Amino acid sequence: MRWTLDGLGGGLLAIGAVGVVTPGLPTTVFWIGAVLCFLKTRPHAVRPLLRTPVIGPAIRWYLRWRPFGGSKNKR
């Protein structure tokens, strides 16, 4: 299971990296998927994605969303 999540997360990260330079291909969606895969297997790999100035806040917002364990208080 760990290898599957690592492979899927790496693939999603690569597709998101291609989306940075390719118009019309979203980046954030693929990087959110990669973060969700890496949270279970490699938490240290998530930190650089969360520190990215443009995409990082969107990923943090998505992770704080209530279905993924965010707070019950709406902000």
Side-chain angles (χ1 to χ4, degrees):
M1 185 67 170
R2 181 180 176 133
W3 290 41
T4 305
L5 286 174
D6 280 345
L8 182 61
L12 290 171
L13 187 66
I15 293 172
V18 171
V20 170
V21 295
T22 305
L25 185 65
T27 300
T28 309
V29 175
F30 292 111
W31 282 4
I32 287 173
V35 165
L36 291 176
C37 291
F38 287 146
L39 278 175
K40 291 289 185 182
T41 60
R42 300 180 186 277
H44 63 276
V46 174
R47 288 184 200 115
L49 291 173
L50 296 177
R51 290 181 183 151
T52 305
V54 176
I55 305 296
I59 295 172
R60 283 192 299 272
W61 176 84
Y62 189 77
L63 292 176
R64 288 182 186 139
W65 191 38
R66 189 160 181 215
F68 292 103
S71 67
K72 293 181 181 179
N73 299 333
K74 293 187 178 187
R75 296 178 186 179

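This structure is a prediction, so every number in the text was calculated from the model and none was measured.
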J.: Using the salt bridge (charged side-chain N to carboxylate O under 4.0 Å, His left out) rule, collect all pairs that involve residues 26-41, keeping only residues at least two apart or in two chains.
T.: none

J.: Are the side chains of Leu25 and Phe30 in touch, meaning some heavy atoms are under 4.5 Å apart?
T.: yes

J.: Report whether Phe38 and Met1 are members of the same hydrophobic cluster (ILVMFWY, side-chain heavy atoms less than 4.5 Å apart, transitive linking).
T.: no

J.: For a quick test of your reading: what N or O donor-acceptor pairs under 3.5 Å do the side chains of residues 45-58 make, sequence neighbours left out?
T.:
{"unit_1": "Thr52", "atom_1": "OG1", "unit_2": "Pro48", "atom_2": "O", "d": "3.1"}
{"unit_1": "Thr52", "atom_1": "OG1", "unit_2": "Leu49", "atom_2": "O", "d": "3.2"}

J.: Report, one line per pair, each donor and acceptor closer than 3.5 Å where one atom sits in a side chain of residues 5-14; sequence neighbours left out.
T.:
{"unit_1": "Asp6", "atom_1": "OD1", "unit_2": "Thr41", "atom_2": "OG1", "d": "2.7"}
{"unit_1": "Asp6", "atom_1": "OD1", "unit_2": "Arg42", "atom_2": "NE", "d": "3.3"}
{"unit_1": "Asp6", "atom_1": "OD2", "unit_2": "Arg42", "atom_2": "NE", "d": "3.2"}
{"unit_1": "Asp6", "atom_1": "OD2", "unit_2": "Arg42", "atom_2": "NH2", "d": "3.1"}

J.: Run the side chain to side chain contact (heavy atoms under 4.5 Å, CB included) check on Leu36 and Leu63 step by step: do they pass?
T.: CA-CA 9 Å; Leu36 291 176; Leu63 292 176; 3.8 Å; yes

J.: Give every residue pair that meets the side chain to side chain donor-acceptor pair (under 3.5 Å) criterion with at least one member in residues 13-28, sequence neighbours excluded.
T.: none

J.: Give the cluster check for Tyr62 versus Val29: same hydrophobic cluster or not, with ILVMFWY residues linked at side-chain heavy-atom distances below 4.5 Å.
T.: no

